[in-house]
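Here the structure is a predicted model, which is why all the values come from computation and not from measurement.
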Amino acid sequence: MNEDVRLTAWVRGRVQGVGFRWFTRENALEIGGITGFALNLDDGRVQVVAEGPRENCHRLLEWLRSADTPGRVDGVTEIWGTPRGGYTSFAIR
């Protein structure tokens, strides 16, 4: 069973000012079935919240950790939870 989950990930490295949020959104849309957002944080990290099927969220997380991202990812911390809903698409905030 591929139940819906909520992934919250904090991406650290050189991830602001390099199109990171835009590419994250593009990947979420390409994977499909994912709603949520990507947000620049004041400390230089990008927060990604993704809700959808577990497999799809895992694919997005794998991309966040891959060498295919813009900039430079030094690490990703994630937590998993229950979807809260309220998102109609995947947004850049």
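- Considering only heavy atoms from C-beta on, F20 comes within 4.5 Å of L64 through its side chain.
- Taking CZ of R45 as the reference point, atom CG of L39 lies at 10.5 Å (rounded to 0.5 Å).
- Here the closest non-hydrogen pair linking N40 and V15 is OD1-O, 4.4 Å.
- Across G33 and P53, no two heavy atoms sit closer than the pair O-CD, 3.3 Å.
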Does the pair T24 and V46 meet the rule for a side chain to side chain contact (heavy atoms under 4.5 Å, CB included), with working shown?
CA-CA 10 Å; T24 299; V46 171; 5.6 Å; no

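- Atoms OG and CG, from S89 and L29 in turn, are 7.5 Å apart once rounded to the nearest 0.5 Å.
- Taking CD of E51 as the start and OG1 of T82 as the end, the distance is 9.5 Å to the nearest 0.5 Å.
- For the atom pair CZ (R59) and CG (L7), the distance works out to 14.0 Å, reported to the nearest 0.5 Å.
- The shortest distance between side-chain heavy atoms of F37 and I92 does not fall below 4.5 Å.
- What you find for P70 and V18 is that their closest heavy atoms are CB-O, 3.3 Å.
- By the side-chain contact (heavy atoms from CB on, under 4.5 Å) test, T8 pairs with R6, W10, Q47, V49, I79, sequence neighbours left out.
- Minimum interatomic distance between D74 and G13 (heavy atoms only, all atoms of both residues): OD2-CA, 3.4 Å.
- Listed by first then second residue, pairs satisfying side chain to side chain donor-acceptor pair (under 3.5 Å) with a partner in residues 25-39 number zero, not counting sequence neighbours.
- In the hydrophobic clustering of ILVMFWY residues, with side-chain heavy atoms under 4.5 Å counting as a link, W80 and V11 come out together.
- Note on W22: it clusters hydrophobically with V76, by side-chain heavy-atom contacts below 4.5 Å among ILVMFWY residues.
- You'll find the side chain of D68 stays beyond 4.5 Å of the side chain of F23, heavy atoms only.
- Under a hydrophobic clustering in which Ile, Leu, Val, Met, Phe, Trp and Tyr are joined whenever their side-chain heavy atoms come within less than 4.5 Å, directly or via other members, Y87 and L60 fall into different clusters.
- Across Q16 and G44, no two heavy atoms sit closer than the pair NE2-C, 3.3 Å.
- Of all heavy-atom pairs between T77 and R12, the closest is OG1-NH1, 3.3 Å.
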Would V48 and F90 satisfy side chain to side chain contact (heavy atoms under 4.5 Å, CB included), going step by step from the backbone distance to the final call?
CA-CA 10 Å; V48 177; F90 197 94; 4.0 Å; yes

